[in-house]
Structure formats: structure tokens, C-alpha cells
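Heads up, the thing below is written out as C-alpha cells.
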Amino acid sequence: MTRRLLAEKRLCLATHNAGKARENAALLAGHGIEVVTAGELGLPVPEETETSFIGNATLKALAAARASGMVSMADDSGFSVAALDGAPGVHTADWAEQPDGTRDYAAAMAKVERLARHSPDRKAWFSCALALAWPDGHVEAFLGEAHGEWVWPPRGEKGFGYDPIFVPAGEAQSFAEMDPARKHAISHRAAAFRLLAEACLPRG
Ligand code: IMP
């Protein structure tokens, strides 16, 4: 299929998560694109039934494009540990889920440590898939990764999710210790967005 450029100046962000919406809106604003979120439009949240980051990002972007009639962007991200054959992977958020529906990332990170501590292989990576979907069903999807090692105990207060146990290759600080601008320059989300921007966005 031929690559499609984004001609629209406004798109729907298929997220109900305010933090993600802010981050993605800022990246798009750099290319002169305004956003409205699926949350603001009151669109339903589709179930993430795919087994890959690209699959889930595509499913969410297509659902929003069909429901809103607008070009829509969705992301799906997660943390993978080599010694755990890539787990938690697409189940990254689920590992933090508590019986009362809240998320406990300290517990999720402790689970990684409990399962992986016996392996000398400390390699880990974050992945981020970004998908752009058009109402006619066309999709462009991209995968960005940030490689490094998992560390224990958790370090730093700045990030979110699994940031305190991830030190990117070539860096001394964890994602949660470093200046957020540094994280945003080298993160999996930045890598995916660069690919998407190069392929589909008008030059800013
Ligand atoms: P999603 O909302 O389905 O994409 O789930 C993403 C999961 O991966 C959540 O549990 C996040 O906390 C975690 N995650 C994704 N990106 C990052 C990151 O940059 N730092 C830390 N955790 C992340």
C-alpha cells in the first residue's frame, strides 16, 4: 500500500489518558496540528484484544477514526524484559492492576524483580507503537523502542509507570532520575513519533 500523508490540520487522539494526550498533543503541535481527544468526543474505549503493540494501536486508531469521522492517532506502549521472554509486553498495564481497579506500579516493578532476578541477563526495553487511521480504513503504523537494562531497587521520582527500574543504554540515570527533556529525546515514544513524522506529517 502506498504511504499516505496527513493533509488535515486537526486530528482525533484516541486516548482517554490525560498524560498521554498532553504528550502527543505537544508533539503534533510542533507540526501545526491541533487535536481533540476521544475522551472529549465521548467515544467508547475499545478492548485491546491484539497480541502486539502495533495491533492494539491500530485497533484503537481505527475505532476512533470510524466513530469520529476524523483521522485518528493512537498509541500502545509497554515494557519488556529479555529474561522474561519479553513480558510484561502488551500486558504491562495489567501487571499493575489491583483488585479494586487501581494501578500499583511499585507492585508491578516488584513482580519484574521477583521473576527476573535469577537471570544474569538484565536487558530490557520500552516499546511504543503509534498508528494513524483514516475513516476509510487506511492505516499507517510505526514502532519505536528504547533499549537498556532493568535495575533494582527502583531509582528516581520523575517519571511514571516502570521508569524507576529502566536505565537506557549509554546513560547513567534511570528514566525516572533524568531530566524529562532528556527522556523525551531518547524515549520509545520519541522514536515512534520521529518515524511517523518523517513518513506522514508535513515538514514543520
Ligand atoms: P498502554 O496505555 O496500553 O499503552 O499501557 C502502557 C503501559 O506501559 C502502562 O502501564 C505504562 O505505565 C507503561 N509505560 C509505557 N510507556 C512508559 C514510559 O515511558 N515509562 C514508564 N512506563 C511506561
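As the structure lists them, so they are numbered: ligands from 1, and atoms in each ligand from 1.
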Quick one: are Leu41 and Cys12 in side-chain contact, heavy atoms under 4.5 Å? yes

May I ask you to check whether Thr15 and Asn17 show a side-chain donor-acceptor distance below 3.5 Å?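 Note: Thr15 and Asn17 side chains miss the donor-acceptor criterion.
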
Yes or no on ring pair (Phe, Tyr, Trp, His ring centres under 6.0 Å) for Phe175 and Phe126, after CA distance, side-chain angles and deciding distance? CA-CA 11 Å; Phe175 262 179; Phe126 278 109; 5.7 Å; yes

For the atom pair NE2 (His31) and SG (Cys200), what is the distance rounded to the nearest 0.5 Å?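 Answer rounded to 0.5 Å: 11.0 Å.
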
Under 4.0 Å between a side-chain nitrogen and a carboxylate oxygen: does that hold for Glu149 and Lys123?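 Here Glu149 does not pair with Lys123 in a salt bridge, since their nearest N and O are not under 4.0 Å apart.
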
Sidechain N-carboxylate O distance under 4.0 Å for Asp136, Arg66: no

Atom-level proximity to ligand 1, residues with heavy atom under 4.0 Å: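 Only Lys20, Glu48, Asp76, Ser77, Gly78, Thr92, Ala93, Tyr105, Phe126, Phe160, Gly161, Tyr162, Asp163, Lys183, His188, Arg189 have heavy atoms that fall under 4.0 Å of ligand 1, ordered by chain and number.
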
